[in-house]
Amino acid sequence: MIDLRGLKSKVMVAAISILAILPFIPIVHLFFTVVVNGIYAISQNFPGFFYMERSIPGSGVIGGVGPYIIGTAILVSIATLIGVPLSILIAIYASEFIQSRLTNVGDVIITTLFEFPTIIIGLMTFALISVLNDMIRIYLLIDVELPKFSVLSGSIALTIVMLPFLYVQIKESLRSIPISIREAAYSLGLSRIKANFYIFLVYARGSIVTSILIAISKIMGETAPLLFTAFGSDFYTISDPGFLFKPIGSLTLAIYNLGLSPYEEWIATAWGAAFILLLMVLSLYIIARYIARGAYLR
Amino acid sequence: MITIKDLNVWYRDNKILDNINLDVPRNVILTIMGPSGSGKSTLLRAINRLIEIYPGVRVEGEIYVDGVNVFKARTEDVRRNIGMVFQIPNPIPNMSIFDNVALGPKLNKLVKSESELRDIVKWALEKAYLWDEVKNRLKEPAAKLSGGQQQRLCIARALAMKPKVILMDEPTSNLDPVATNRIEELMVELKKIVTVVLVTHNPAQAARVSDYVAFLYKGRLVEVGSSSQIFTSPKNELTEKYITGRIG
Amino acid sequence: MVSMNISKLILISSILILFIVGISVFYMSQTNINPIQQEGRAGYTITIVYDGQSISLDLPSTPIVIIGGGSTFVNPQMQAWATKFRDLSKGLVTVNYQSIGSGAGVAKWKSQALDFGASDIPLPKDIYSEIKGTGRQFIQIPIVAGAIAVIYNLPEWDEAKCGNLRLSGEVLADIYLGNIIKWNDPKIVSLQDKCGDLLPDSPIIGIHRSDGSGTTAAFTLYLALVSDEWKNSVGWGYTVEWPRDQLGYGLGGKGNEGVTQKVVSTPYSIGYVELAYALKSKLPVAELLNKAGNFVLPNATTISEAVKYASKKFPDPADDWSIIADKLLYLEGELSYPIVTYVYLVLDLDYNDDNKNKAIKAFLTWILTEGQKSENIVEGYIALPKEALDIALKAVEKIGSS
Amino acid sequence: MSRLIEHPLGIVMLLVISIISVMIIFLIIQSIPILLYRGLEFLTTSSWNPVKEEYGILFALGGSVVVGLISVALGAVLSISLAVFVAEISPVRLRSIFVTLNDIGAAVPTVIYGLWGLIYLAPFLYDYVMAPLSTFLSNVLGVPSRPGTSIFTASVLMAIMIVPFSSAIIREGLLSIPTHLREAIISIGATKWELIWIQVKMVKNYIIGGLLIGFGRAVGETVAVAMVVGNVIQPEFYKIFLPGYTVSSLIADQYQNAEAYTYMVSALFAASLFIFIVGLLANMVGLSMVRRK
């Protein structure tokens with residue numbers, strides 16, 4: 001007798017395997033094209049590709065993504081410097097005062113923004129700065145305008161993108177600390193701040209560092225929240241003392257704008273920028289995974 | 001040394017401890033025993049107010065340690081003067097042996113110099129009978145020690161704060177008999193320098209080490225007395241049933 | 001031991017990042033991208049000769065970044081001017097110009113997010129009177145002229161044999177209205193001198209801007225001038241509703257670059273872009289019917305001819321230019337190209353900052369004089385005639401003096 | 001006990017909460033004028049005519065929903081298969097390779113997907129899918145045009161982008177099934193397929209949750225979609241071979257010159273409020289499904 005059940009099982013398993021391999025084809029193709037086109041673009045203008053400014057179309061010169069690399073680095077660093085301490089502080093509060101009303105409200109509001117359409121975060125930052133400007137004008141009666149298109153507002157937008165993710169991750173890490181460790185810390189007479197900073201954060205550092213690295217790699221690849229905030233610039237702006245209040249470019253904005261252009265040089269530049277961005281994001285990601293694995297081994 | 005007056009503890013709507021009154025003299029071992037769920041751990045954690053890290057707990061009454069009402073003092077100061085050892089050995093696993101012991105003195109700024117810190121750590125480890133075993137591996141993570149060693153490390157950690165009282169919450173329940181034996185010896189030795197409050201559900205252990213015994217049942221303090229009195233002529237029927245193993 | 005690895009890894013990765021940033025910064029300083037470091041900039045001035053007189057430009061004492069934005073059309077020209085002037089001023093004046101579309105440029109200038117806005121059309125009447133009403137002192141000046149070219153992607157058409165495709169305003173309006181669906185429509189065929197039979201039986205894909213733009217405003221204004229149906233059913237503005245989209249034969253592109261890119265990659269498509277973009281893309285450009293009845297290509301001759309007639313109609317920079325907007329298109333003249341556009345800068349007369357006033361004044365004076373010389377004009381743009389420049393220069397003089 | 005702020009750290013929490021609340025409130029306030037001005041027509045008509053101050057965003061809402069639905073429909077089978085394959089079928093030694101590839105797919109910045117989609121995916125789909133199918137389905141799906149930017153292309157791109165993401169969530173569910181349950185199923189003589197099917201049914205919550213979160217992503221994604229969706233105002237958004245708009249790509253295109261018109265800013269904020277609500281619902285329901293045990 002034919003083993004119908006066994007046959008069906010084999011057929012289905014084979015079908016699943018084929019369906020499972022299917023999604024890898026575009027991803028592998030994407031990798032392949034980014035690497036090939038990117039390396040080609042960079043090799044056409046090496047090492048100028050890394051530090052020059054955007055070329056003029058028709059000049060035959062590919063690249064110059066220097067200002068974009070610096071821009072991404074600045075935006076991401078500022079967002080990280082604001083976002084990481086902020087999310088650690090509120091995550092500590094939420095893990096220490098689980099039943100506090102403030103924690104409950106915070107949980108609802110912050111997780112609202114978790115995995116959220118980032119273009120809205122850009123819009124909201126733009127709106128927030130408008131509100132702040134109105135408040136400054138009305139209540140402080142001084143004529144100061146916070147620039148809407150600036151490094152600062154771009155960083156704020158990125159901070160808000162990374163905050164919910166970090167908050168949820170760090171809070172989970174802290175809440176999963178065994179109660180015995182909490183008792184040990186508090187039995188030594190440590191304040192909540194000291195216990196968290198010297199013991200709990202150290203105890204959970206593996207998973208927290210992983211979350212932070214993944215959060216950084218996330219915001220590094222964000223475009224939409226920067227459209228109305230960082231705005232984009234094709235020049236080096238950091239030589240200007242007030243550059244924090246001026247627009248700045250980023251690798252992602254450059255890929256978006258150059259990729260949509262008709263010029264060969266600019267499209268090649270976009271591929272080169274994509275290659276650099278991919279390299280940056282993935283190396284952070286791989287480091288994060290490595291640390292995570294180490295954390296599990298502990 | 002420790003005086004507990006009219007202590008009541010609730011968790012949400014349940015009363016965990018009901019009107020506890022207790023006196024503990026200086027430099028003795030007092031054992032609180034009772035079946036699980038009787039509130040012994042809660043009573044122990046009330047003394048250094050560790051109970052307050054659990055949300056939903058409400059405490060009423062007074063506890064004096066060395067003449068100070070702990071509920072009027074700062075929590076940090078209270079806990080600093082009272083060492084505690086737990087059921088599960090809980091050194092911070094990814095910190096070194098040295099750092100685990102140094103943690104309290106360092107973070108509470110009890111020492112002025114590095115050398116003073118080293119002296120304290122050495123003293124505490126010696127007192128905990130651990131120094132000889134670890135003196136050459138102080139930089140290794142605490143997680144590498146055996147269970148009994150970890151528990152002695154926790155005792156050293158508590159001692160390093162130079163406390164007047166040490167609370168022990170079933171410190172041997174997760175250890176093998178050999179390690180248990182060593183800890184028990186250590187306790188008797190420790191009472192020369194501190195007052196020990198021990199929680200156990202093992203009457204035999206209570207009989208071996210304690211000077212005084214308190215028997216707790218369903219949140220009430222049933223009987224308090226010297227060790228010999230409780231184990232030879234308990235006044236209460238419940239106490240007798242418990243030490244003879246008929247409830248528990 | 002794991003903990004050791006973590007800190008090591010973080011250390012290594014941060015060193016790596018610092019290394020990359022370090023290399024970039026090193027090359028920046030090497031390649032003179034950062035001219036601020038150079039000495040001798042205090043009290044530095046630039047002297048230029050205009051109309052036989054020498055003018056010295058008063059530069060700010062500290063480096064200033066001027067933020068401008070708007071018209072995507074003027075972007076290549078503005079970038080060329082900005083780069084040149086930054087070198088000339090030894091880094092004292094950097095113009096950060098962003099091509100975000102004219103509508104955005106004006107809106108952002110109005111909300112003071114930008115120092116100046118650049119637009120392909122004058123300030124609309126209501127915006128003009130609204131800002132005027134707040135008492136803000138501002139001017140509009142034309143800085144350069146250009147033309148909107150109609151580009152097409154028609155594989156069957158051989159320019160060498162047939163010449164460039166010929167189109168008229170009415171036909172363009174009919175195409176974007178959806179009245180003409182296919183390339184071999186009799187209305188298109190009848191305009192052609194020869195090769196009319198080569199026009200294929202394929203639907204025309206009408207490509208247009210998806211973002212708000214002055215190019216769209218100028219193009220739709222032109223269509224409204226030549227077609228009453230267009231004027232009544234669509235109108236003109238930065239963003240309009242394209243009837244052709246609703247038939248499924250339309251496609252949007254972001255910026256002039258986006259439209260060019262879409263035309264390049266879409267066979268049987270037609271689109272409108274600023275001439276500079278058309279020339280750069282190597283796409284064929286259609287000949288358009290002018291008012292005098294001739295088919296003309298956009299080039300220096302035909303545009304200059306149109307500019308000559310238009311500049312006679314320019315009002316004062318402080319006045320409302322919107323009332324003459326429709327008088328500057330589709331002009332008389334045998335060779336006049338019909339869709340000639342001007343880039344207008346809107347700027348304040350006082351920035352409440354002496355250095356910024358100086359920077360903007362110097363930059364504008366330079367682009368209205370030296371900047372109009374052929375070596376500084378990018379291909380596809382046309383310098384303004386002297387009469388127009390004189391009016392603008394007089395207005396720029398007033399910056400910071402009030 | 002009932003004090004609002006129980007520790008100085010609470011001030012930081014309060015600050016973060018108030019900033020985010022101000023942003024959300026502002027989003028809502030900004031949306032009100034257009035809803036008062038146009039009423040329900042704003043949601044039920046398709047027009048974007050700033051010259052006449054006529055705004056109806058049905059075309060963009062429709063585009064967003066269609067992109068979300070098609071990408072989830074395409075992604076569902078693929079992501080379940082991928083998760084099952086990694087958790088059950090692939091050799092254990094290769095598993096980490098697949099997991100890494102999958103997770104890297106989820107980590108690639110969306111703008112890179114957009115660039116790739118514009119240059120490789122759109123022409124490919126035009127040549128091999130849209131053009132052949134449209135020869136006999138043009139009435140239903142519309143006639144595509146080169147370079148292949150269309151709602152369909154955006155949907156396929158989004159499907160490619162959400163598969164790694166959804167499948168990671170489903171995989172997590174599969175791997176969280178206790179070993180003793182698997183052993184129990186095997187011990188009653190189940191075939192591999194039956195084992196898989198029983199487990200898939202057990203992680204239904206994860207599947208629905210993962211796909212809902214994927215839907216939220218597809219609806220909210222901006223740049224990748226804006227690069228391939230075609231960007232035209234086209235009321236027949238259900239003809240998926242035609243170019244169209246989604247709400248987020250409309251915002252990305254139109255926001256910059258919105259302030260030149262009276263109601264456009266409000267219209268864009270109201271439109272974003274829509275993806276806010278859809279995204280929020282998808283996320284909240286999705287997350288609660290995943291967390292429910």
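Throughout, a chain's letter reflects where its sequence line sits, starting with A, and its residues are numbered from 1.
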Is the distance between the ring centroids of D:Trp116 and A:Phe275 less than 6.0 Å? no

In Å and rounded to the nearest 0.5 Å, what is the CZ to CE distance from D:Phe269 to A:Met124? 9.5 Å

Bottom line for D:Phe124: the part with an atom under 4.5 Å from chain A's heavy atoms is neither

Non-hydrogen side-chain atoms of A:Leu86 and D:Met13 separated by less than 4.5 Å: no

Looking only at heavy atoms and a cut-off of under 4.5 Å, which of A:Thr103, A:Leu277, A:Leu22 has the most pairs with chain D? A:Leu277

If you count heavy-atom pairs under 4.5 Å with chain A, which of D:Ile119, D:Val22, D:Val77 comes out on top? D:Ile119

So, A:Lys8 and D:Glu194, do they make that salt bridge, N to O below 4.0 Å? no

How about A:Pro26 and D:Leu121: do any of their side-chain heavy atoms sit closer than 4.5 Å? no

Is D:Val12 in contact with chain A via its backbone, its side chain, both, or neither, using a 4.5 Å heavy-atom distance? both

Could you state the interatomic distance from CD1 (A:Ile21) to OG (D:Ser81), rounded to the nearest 0.5 Å? 10.5 Å

Determine whether A:Arg289 and D:Val99 satisfy the following criterion, side-chain contact (heavy atoms from CB on, under 4.5 Å), listing intermediate values before the conclusion. CA-CA 11 Å; A:Arg289 274 182 64 92; D:Val99 169; 4.0 Å; yes

Check each atom of D:Pro8 against the heavy atoms of chain A and say whether the ones under 4.5 Å are side chain, backbone, both or neither. neither

Relative to chain D, which of A:Ile119, A:Ile25, A:Asn37 shows the most heavy atom pairs under 4.5 Å? A:Ile119

Do A:Ser9 side-chain atoms and D:Trp193 backbone N/O form a donor-acceptor pair below 3.5 Å? yes

Please flag which part of A:Leu113 lies under 4.5 Å from any non-hydrogen atom of chain D: side chain, backbone, both or neither. side chain

With a 4.5 angstrom heavy-atom cut-off, could you sort out which part of A:Val281 is near chain D: side chain, backbone, both or neither? side chain

Which heavy atom in D:Met227 sits nearest to a heavy atom in A:Ile255, and how many Å separate them? CE-O, 4.1 Å

Measuring heavy-atom distances to chain A, does D:Ala226 have an atom under 4.5 Å in its side chain, in its backbone, in both, or in neither? side chain

Note: vs chain D, highest number of non-hydrogen pairs under 4.5 angstrom among A:Val34, A:Ile193, A:Thr118 is A:Ile193

Measure the spacing between OG1 of A:Thr112 and CG of D:Asn283 and express it to the nearest 0.5 Å. 9.5 Å

Over 60° means perpendicular and under 30° means parallel, so classify the ring planes of A:Phe97 and D:His7, tilted if in between. tilted

Name the option with the most non-hydrogen atom pairs under 4.5 Å to chain A; the candidates are D:Val16, D:Val163, D:Val84, D:Ile196. D:Val16

Identify the two heavy atoms, one from D:Leu101 and one from A:Phe24, that lie closest to each other, and give their separation to 0.1 Å. CB-CE2, 3.7 Å

Should A:Thr125 and D:Met23 count as side-chain neighbours, where that means a heavy-atom distance under 4.5 Å? yes

Determine the option with the most heavy-atom pairs under 4.5 angstrom with chain A, choosing from D:Leu273, D:Ile17, D:Asn102, D:Leu118. D:Ile17

Go through the atoms of D:Leu287 and report whether side chain, backbone, both or neither lie under 4.5 Å from a heavy atom of chain A. side chain

Minimal non-hydrogen separation, D:Ser272 against A:Ile120, with atom names: O-CD1, 3.3 Å

For D:Tyr120, I'd like to know if atom OH has over 12 heavy atoms of other residues, nucleotides or ligands within 6.0 Å. yes

side-chain hydrogen bond (donor to acceptor under 3.5 Å, both in side chains) partners of residues 157-168 of chain A, not counting sequence neighbours, each pair once: A:Asp107-A:Tyr167

Ranking A:Gly221, A:Pro23, A:Ala127, A:Ala224 by heavy-atom pairs under 4.5 Å to chain D gives rank one to A:Ala127

Heavy-atom side-chain proximity of D:Phe85 to A:Val13 below 4.5 angstrom: no

With only heavy atoms counted, which part of A:Tyr256 is less than 4.5 Å from chain D, the side chain, the backbone, both or neither? both

Could you state the interatomic distance from CD1 (D:Ile89) to CD1 (A:Ile16), rounded to the nearest 0.5 Å? 4.5 Å

If you tally heavy-atom pairs under 4.5 Å between each of D:Val219, D:Ile80, D:Leu280, D:Leu27 and chain A, the highest tally belongs to D:Leu280

Heavy-atom side-chain contact between D:Phe26 and A:Leu128 under 4.5 Å: no

Would you mind checking which part of A:Leu278 comes under 4.5 Å of any heavy atom in chain D, side chain (CB onward), backbone (N, CA, C, O), both or neither? both

Look up atom CD1 in D:Ile11 and atom CG in A:Leu102, then write down how far apart they are to the nearest 0.5 Å. 10.0 Å

Answer yes or no: is there a side-chain heavy-atom contact under 4.5 Å between A:Ile109 and D:Ser21? yes

Rounded to the nearest 0.5 Å, how far does CG of A:Leu123 lie from OG of D:Ser248? 10.0 Å

Which portion of A:Leu258 sits near chain D, non-hydrogen atoms under 4.5 angstrom: neither

Let me know if A:Leu163 has heavy atoms under 4.5 Å from chain D in its side chain, its backbone, both or neither. side chain

With a 4.5 angstrom heavy-atom cut-off, could you sort out which part of D:Ala190 is near chain A: side chain, backbone, both or neither? backbone

Please evaluate residues A:Leu19 and D:Leu82 with respect to the criterion side-chain contact (heavy atoms from CB on, under 4.5 Å), reporting the C-alpha separation (whole Å), side-chain torsions for both, the decisive distance (0.1 Å), and the verdict. CA-CA 7 Å; A:Leu19 284 174; D:Leu82 181 53; over 6 Å; no

Counting only pairs under 3.5 Å, give me each side-chain donor-acceptor contact of residues 104-115 of chain D, with atom names and distances, residues two or more places apart or in other chains.
residue: D:Thr110; atom: OG1; partner: D:Glu221; partner atom: OE2; Å: 3.4
residue: D:Tyr113; atom: OH; partner: D:Gly105; partner atom: O; Å: 2.7

